[in-house]
Structure formats: structure tokens, C-alpha cells
There are 2 protein chains.
Amino acid sequence: MDPVEILNRHNLKRTSCREGIIGVVLKANQALSENEIRNRLTGNYDRTTFYRSFKTLVQHKIIHKIVIDNQLVKYAPDNSITHNFEHAHFYCNECHSVVCMDDIPVQKYVLPNGYSNDETEVLIKGTCGICSKPEIK
Amino acid sequence: MDPVEILNRHNLKRTSCREGIIGVVLKANQALSENEIRNRLTGNYDRTTFYRSFKTLVQHKIIHKIVIDNQLVKYAPDNSITHNFEHAHFYCNECHSVVCMDDIPVQKYVLPNGYSNDETEVLIKGTCGICSKPEIK
DNA sequence: AATATATTTGCAACGTTGTTGCATTTGAAA
DNA sequence: TTTCAAATGCAACAACGTTGCAAATATATT
């Protein structure tokens, strides 16, 4: 999965900011916040540029955005890149990590007549495997 | 369901702001935003007071907060008042209404070993019954 | 390799949401 | 009616995100 190749495939200009974001998000084993991504990049970018890059990458379904409780925003590679179906997200109340539960497909909810279901977001909150074992922390 | 009685039951002081919020939220047939609630109140309250009232009422599980896409915040009566199990929320992409799907219980998601599941949020996005029938709009 | 052009960037300014500290007011109990 | 803890209003502030515009840059073309 090469960031440059991904940008080309989507006819997006190859800028170091976009390239960097994609690289960092793909390499991570969990969803990352704006600041976590910035800290892992070599270059320095304006916040505006960051937001615009995120927006572009989300629109092209290269990454996706996960929002927890109105305030915590994290990004992860999109379905179309690594996953293959709608999946649930897990948020750890202790360490505040967010991970894509690639193995947990989202239930097909049946809606009342006349309603259409475009997309379903599932966020499971709890304690992650590491935080629930204090002895190995 | 009397707002005054609810406040008493929770040992909360009976202020007109709290009383008003509870009354409006209980009467509504959908979740309401801060502004929608303000517009339905007679009294005028500072934004700070509003936020503090919401926080108190959420903490006491009198109302609950539903967040859509990081920006849209709505409130509805809590489970303990009207519902009796974890339920899904529906967001209409057209009219931006948010309703509690009291009849749609949340699936019990099975997590990997070591994970605990405290709470599950399900947000179904789509088109509501009214918006999908343009002829009756 | 040089040029042209549409796209992207950085900056400044702004809007919204939500919080904090503090003086004042108010609800409820004695 | 008095008392006191709790709630309110105000001012200031912080974080997040957007917009307009001039300058810089990526890519296609020559």
C-alpha cells in the first residue's frame, strides 16, 4: 500500500502533507487524532492545510473519520483500503484509544416502513484488552 | 411525567431552567438541539447556565445526549425515564431530525477476549419516513 | 528543461461550541 | 425570616473548524 500510488489512483495531486497523512494512518494499528498524526510527520503544516487534507482524503474514501462524544476525532484507513464491510469501532474509556473492529460486522437494523438506511455507525465503549489487565501495564 | 417530580426524585434544586428543559424534552417527539430547546422555553438563560443544566440532567440520567458527526448535538429523555433498554438512534440526512428508535434494541456485540463492553452507541443514517415521500411534504 | 495553469498552501480573521472563575442571586430547609 | 449551599450570569478564554485571498507548487505541455 503505497501512499503515492493511492493518490495517483484517485487523481489527487501528490503533496507531502497528503502523502504523509496516508502513510502515518496506514502504518498505525489504531485510529489517530489530528495531533497524533501531526507528531508523526516530518514536515510542519498549517492547521488549515491539515483540515483540508483530511477532508479530501475522507471524500475520496481513503481514510475515514471516527468521532467520540462530540470532541475526540480520530482517523483510520477506510474500508476501501483495508477493510471490506461496515465494521464497529471500539473506544477504551481508560486509555482513550480507538480501534476498528474489522472482525465485527455491523448488524443489519430493520427500520420502520418508509425509512431508508444509508449507513450505520456503531461505537462500542468499554475497557480494552490492555487496560483490563493492570498487572501487565 | 412531571418535571418537578423528576427533579425532586433526583434531589436536584427546582430551577426554572432545569424544569423548562425537562418539560420541553419530554414533550418533543424527537431529539432537540440546544437552540431548539431554547426557542421553546419562556425564560431567557445564559449559555453557560444551559450547558451546566444539560450536564447535570445528563449526569442524573434524566436526559441523554446524541451527537451526529461531531457538530450536531441533540438531547432526548433518557432510558430511565421513557425507554427501557439500549436503543438505536436514527438521523435523517435530509431534514436532520434525530429520533430514538425505541423499538430497535442494540445488538449485543461480541468483543475479543479481555475487552469489556460498557455501552454501545448505534446511529443509523438515512432518509426518514416523511422525507422519503416527497409528495406529502 | 522551461513554461503555463489549475490546485494547494499558509496566513489572518472569524464563528461556533463549550469551559472556568467569580461575584451575585436564588431555592429550600430551619 | 433567616441562613447557606447551590445555581446563575457575566466576562474571559480555549479548542475546533471554516473562509477569503495572495503566494507557492504539482503536473501537463511544449
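This is a predicted model, so every value here is computed, not measured. Both backbone and side-chain heavy atoms feed into the values below; hydrogens, waters and symmetry mates do not. Chain A is the first sequence line, chain B the second, and so forth, proteins listed ahead of strands; every chain is numbered from 1.
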Rounded to the Å, how far apart are [X] [atom1] and [N] [atom2]?
X       : N      : atom1 : atom2 : answer
A:Phe54 : C:dT9  : CZ    : P     : 12 Å
A:Gln59 : D:dT18 : CD    : P     : 11 Å
A:Arg14 : D:dT27 : CZ    : C1'   : 11 Å
A:Lys55 : C:dT9  : NZ    : P     : 13 Å
A:Glu19 : D:dT25 : CD    : P     : 15 Å
A:His10 : C:dT7  : NE2   : P     : 18 Å

Is there a donor-acceptor contact under 3.5 Å from the side chain of [X] to the main chain of [Y]?
X        : Y        : value
B:Ser116 : A:Gly126 : no
A:His64  : A:Pro77  : yes
A:Asn117 : A:Glu119 : yes

Using five base pairs at each end, measure the axis-to-axis angle across the helix from C:dA1-D:dT30 to C:dA30-D:dT1 and round it to 10 degrees.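 The end-segment axes of the helix from C:dA1-D:dT30 to C:dA30-D:dT1 are tilted 30° relative to each other.
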Can you list the residues that meet the side chain to side chain donor-acceptor pair (under 3.5 Å) rule with A:Tyr91, with sequence neighbours excluded?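 Partners of A:Tyr91 by the side chain to side chain donor-acceptor pair (under 3.5 Å) criterion, ordered by chain and then number, come out as A:His96.
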Report all interatomic pairs (protein N or O, nucleotide N or O of nucleotides 6-9 of chain D) with separations under 3.5 Å.
residue	atom	partner	partner atom	Å
D:dA6	O4'	B:Lys13	NZ	3.0
D:dA7	OP1	B:Arg18	NH1	3.0
D:dA7	OP1	B:Arg18	NH2	2.6
D:dA7	O5'	B:Arg18	NH2	3.4
D:dT8	OP1	B:Thr15	OG1	3.0
D:dG9	OP2	B:Asp46	N	3.4
D:dG9	OP2	B:Thr49	OG1	2.7
D:dG9	N7	B:Arg52	NH2	3.2
D:dG9	O6	B:Arg52	NH2	2.7

Protein-nucleotides 14-18 of chain C N/O pairs under 3.5 Å:
residue	atom	partner	partner atom	Å
C:dG18	OP1	A:Asn70	ND2	2.8
C:dG18	OP2	B:Tyr51	OH	3.0
C:dG18	N7	B:Arg47	NH1	3.4
C:dG18	N7	B:Arg47	NH2	3.4

Might you point out which heavy atoms bring B:Ile66 and B:Ala76 nearest each other, and give the distance in Å?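 Here B:Ile66 and B:Ala76 meet closest at CD1-CB, 4.2 Å.
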Step through the shown structure and confirm whether more than 12 heavy atoms of other residues, nucleotides or ligands are within 6.0 Å of CG on A:Asp103.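 Atom CG in A:Asp103 is not packed in, count stays at 12 or less.
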Do B:Ser33 and B:Asn35 pair up side chain to side chain, a donor and an acceptor below 3.5 Å, judged on atom types alone?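 On atom types as modelled, these side chains do not qualify, holding no pair under 3.5 Å.
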Looking at B:Glu34 and B:Arg38, is any side-chain nitrogen of the basic one under 4.0 Å from a carboxylate oxygen of the acidic one?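 Yes, charged N to carboxylate O under 4.0 Å.
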For residues 16-29 of chain B, dump all side-chain donor-acceptor pairs below 3.5 Å to protein atoms at least two apart in sequence or in another chain.
residue	atom	partner	partner atom	Å
B:Ser16	OG	B:Tyr45	OH	2.6
B:Arg18	NH1	B:Lys13	O	3.2
B:Glu19	OE1	B:Arg14	NH1	2.9

Using the test side chain to side chain contact (heavy atoms under 4.5 Å, CB included), find all partners of B:Asp2 that sit at least two apart in sequence or belong to another chain.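 Testing B:Asp2 for side chain to side chain contact (heavy atoms under 4.5 Å, CB included), a comparison that skips the adjacent residues, returns B:Val4, B:Glu5.
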Would A:Ile104 end up clustered with A:Val98 when hydrophobic side chains under 4.5 Å apart are linked, directly or stepwise?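 No, no single cluster joins them.
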